[in-house]
**Q** 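If you scroll down you'll find the structure; I have some questions about it.
Values below: all heavy atoms of this structure, side chains included; hydrogens, waters and symmetry mates excluded.
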Amino acid sequence: MLHLLREAERALPELLLDPASWNGLHIDYEHPHVDRLWIPWKDNTRINIHRIYPCSPQQAFFHPHPWPSSVLVVEGAYEMKVGLLGNTPTTLILSEGSRYEMIDPMGRHSVRPVDGPSLSLMITGKPWDKEGERPLIRGPSRDQRALYPDEREILFSLIRKHYYRRRE
């Protein structure tokens with residue numbers, strides 16, 4: 001998955017030229033709340049841009065994903081607890097430039113930004129579909145709303161500013 005993350009980084013400048021092709025959600029059924037832009041990408045993958053908002057340590061939702069993923073922390077930092085189902089999680093602090101992948105169907109994690117919102121790029125792969133390999137996911141109890149136009153623009157502005165600043 002990390003190789004796909006590197007490929008997505010190379011593709012991102014061109015993909016950001018067409019904001020209308022991106023979907024946007026404000027995710028608030030658990031903490032931390034997240035603003036997400038996402039676009040379908042090659043071979044049943046998605047490119048996701050996340051702005052994650054701070055929450056208390058007790059609020060950070062420890063959860064699985066139904067797909068493999070890789071993440072780049074683009075801006076800010078977050079505390080991540082990571083582990084397998086039934087094991088005591090390990091706590092890490094990930095800062096700008098940190099990369100990781102979650103490729104075990106039984107892996108769980110939580111993230112909690114420190115010192116303000118964080119910005120990240122995440123690639124998600126095809127969902128696991130073998131019997132017994134799909135993690136139990138507690139999803140939203142209601143539909144998540146689309147990002148408002150000003151929220152979309154702020155998120156696009158943040159990722160563009162940072163992305164181009166790093167590559168100048």
**Q** Within the structure provided, determine whether W22 and I49 are in side-chain contact (heavy-atom separation under 4.5 Å).
**A** yes

**Q** Give a yes or no on whether L25 and Y29 share a hydrophobic cluster (residues Ile, Leu, Val, Met, Phe, Trp, Tyr; joining criterion: side-chain heavy atoms under 4.5 Å apart).
**A** yes

**Q** Are Y53 and L94 connected in the hydrophobic side-chain network, where two residues link if heavy atoms are under 4.5 Å apart?
**A** no

**Q** Could you report the tightest heavy-atom contact between M1 and P68, atom names first, then the distance?
**A** CE-O, 3.7 Å

**Q** So, do I52 and V111 sit near enough that their side-chain heavy atoms are less than 4.5 Å apart?
**A** yes

**Q** When clusters are formed by joining ILVMFWY residues with side-chain heavy atoms under 4.5 Å apart, either directly or through shared neighbours, do V82 and Y78 land in the same one?
**A** yes

**Q** Check the surroundings of atom CG in L92: do more than 12 heavy atoms from other residues, nucleotides or ligands lie under 6.0 Å from it?
**A** yes

**Q** Under 6.0 Å from the CZ atom of F62, do we count more than 12 heavy atoms belonging to anything else shown?
**A** yes

**Q** To check you understand the geometry: which heavy-atom pair defines the closest contact between L72 and E9, and what is its length?
**A** CD2-OE2, 3.3 Å

**Q** Are W38 and I123 linked, directly or through intermediate hydrophobic residues, by side-chain heavy-atom contacts shorter than 4.5 Å (ILVMFWY only)?
**A** no

**Q** If you measure from the Lys or Arg side-chain nitrogens to the Asp or Glu carboxylate oxygens, is any gap between E151 and R145 under 4.0 Å?
**A** yes

**Q** Are N23 and L37 side-chain neighbours, meaning at least one heavy-atom pair lies under 4.5 Å?
**A** no

